[in-house]
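Counting starts at 1 for both ligands and their atoms, following the listed order.
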Amino acid sequence: LGAWPPDRVQLGVHALILRDHGYRCDEVVVYYATTKQRVRVAVNEQLVQETLEAIRGARQLSSSDIPPPLKDSPKCPQCSLVGICLPDETNVCAEEEEAEPETPGERRQLMLFDVDERRMRVGVKRRTREDVRRLVPARDDLRPVYLATQGLYVGKSGRVLQVKEKQKVVQEIRIHETCQVNVMGNIQLSTQAIQALCQAEVPIAYFSMGGWFYGVTHGLGVKNIFLRREQFRLADIPSFALRLARALVAGKIRNCRTMLQRNHLEPPRRALALMKCMQNDAESAESMEQLLGIEGNAARIYFEHFAGMIKVGRDEPVELVEEAQEVEASGTKSKPLDFDFSKRNRRPPRDPVNALLSLAYSLLAKDLTIVCQVAGFDPFLGFYHQPRFGRASLALDLMEPFRPLIADSAVLSAINTRMVTTEDFIRTSDSVALTPQGRKKFFRAYEQRMDTLVTHPLFGYRVNYRRILEIQTRLLARVLTGELTTYPVFTTR
Ligand code: SF4
């Protein structure tokens with residue numbers, strides 16, 4: 001039995017350091033705990049040369065470009081970096097790019113998903129779904145925490161957060177089982193609690209009582225300065241920013257279209273055809289201004305038909321509808337709240353559906369801000385959304401294709417399953433807000449959506465939406481560091 005090659009080099013480094021400090025070192029010993037074996041290694045010329053060679057190789061590697069991930073390696077499933085490295089996913093995307101080099105004017109970002117057709121054209125062997133191993137768990141064991149009752153105080157005892165109401169402990173949360181803490185409104189956290197969460201790299205997201213996302217506190221986990229350097233460099237290259245923005249907007253339009261096709265009571269054929277054209281236009285937009293116009297028009301059409309996906313309120317008894325109409329006509333009282341929706345309005349939302357949509361987008365922006373920070377990005381510098389003081393532009397960029405799939409879908413599901421009802425809203429002057437109880441119900445609906453397992457269209461494995469947000473953000477990092485040339489936007493069929 002001998003020591004493994006990497007272990008020999010590590011022992012060699014220790015021996016050289018000891019010798020450098022004036023110690024005599026002729027032999028080193030390694031103990032393998034699993035097999036309970038002690039292995040002796042002689043510190044001879046061969047070990048010294050092996051060690052120096054490995055050090056030279058490591059130095060060369062650190063000064064060169066990032067090497068591509070290993071292909072189908074049995075080492076990857078055990079590697080602690082697998083969730084960051086995404087070896088199979090990066091290799092699949094890179095193979096796609098090699099299989100069909102980009103031709104001028106071609107809109108390749110979106111074509112990545114027309115895999116079968118492209119492979120038939122270029123004669124590439126079809127990669128089966130089994131080729132991409134799902135090396136990351138489908139969903140995280142860690143859970144987000146929402147604190148929404150005003151006046152709560154959060155302290156720390158050992159490794160547990162203690163949530164107190166009027167000095168009585170009402171909830172205990174294990175820090176190591178938590179992935180984020182969301183604080184809505186006037187809730188106090190002790191310094192000890194904040195320190196413990198920062199140390200465990202659990203971000204704390206702050207919202208106003210009404211759900212406006214203010215910011216995040218997190219530990220010192222943002223270490224990938226090389227990625228941020230590339231982000232700042234590439235954000236200043238208009239052609240790169242436009243190429244990425246086209247893909248994100250076209251992906252969003254495609255996902256909005258899919259939502260209408262799947263959920264509308266009578267899918268509006270003309271609107272769907274128009275949106276298809278707009279998706280194509282977005283793919284070839286020549287400027288950011290043009291892209292903004294296309295996105296605005298597509299959003300207008302989508303929200304014109306949004307009401308067709310709301311399936312409650314259509315079977316209300318006639319007397320109730322008549323009563324509501326009378327109240328409205330008399331002008332003596334404000335119109336009773338309902339789930340009627342005509343157009344998107346915000347700041348403040350003026351009806352229950354808009355109140356839910358605003359909260360859902362706020363939660364999604366928060367989640368993508370956190371994912372951007374975890375991946376090493378600066379969430380405030382985007383490619384499509386231009387820099388603006390206090391705006392997490394990159395999070396908003398990445399959010400575009402997910403707005404319909406996560407936020408709108410959570411809203412529709414909360415309404416259509418009657419998880420929230422009109423009783424869960426209050427009207428104040430010309431705005432409508434959720435009651436504290438209604439907010440809690442919607443957090444549940446949003447988290448249910450985030451936890452829904454979906455098949456990744458490119459990689460073929462099933463993971464939940466929270467995991468997909470992280471995978472997509474890390475794929476964007478691959479694009480920025482030059483390992484991939486195009487960003488595969490997430491779209492559903
Ligand atoms: S996951 Fe990445 S870093 Fe880890 S062994 Fe595989 S290729 Fe190497």
**Asked** Should Arg133 and Asp88 count as an ion pair when the cut-off is N to O under 4.0 Å?
**Response** yes

**Request:** Would you please classify the geometry between the Phe402 ring and the Phe490 ring as parallel, tilted or perpendicular, with 30° and 60° separating the classes?
**Result:** parallel

**Item:** Within the 4.0 Å heavy-atom sphere of ligand 1, strictly under, residues
**Value:** Pro69, Leu70, Cys76, Cys79, Val82, Cys85, Pro87

**Request:** Give a yes or no on whether Arg19 atom CZ has more than 12 heavy-atom contacts from other residues, nucleotides or ligands under 6.0 Å away.
**Result:** yes

**Message:** For Phe459 and Tyr461, take the angle between the two ring planes, folded into 0 to 90°, and tell me which bin it lands in: parallel under 30, tilted 30 to 60, perpendicular over 60.
**Reply:** tilted

**Request:** Classify the side-chain pair Glu45/Gln49 by whether it contains a donor and acceptor separated by less than 3.5 Å.
**Result:** yes

**Prompt:** Stepwise, does the side chain to side chain contact (heavy atoms under 4.5 Å, CB included) test hold for Leu398 with Thr473?
**Reply:** CA-CA 7 Å; Leu398 284 164; Thr473 308; 3.9 Å; yes

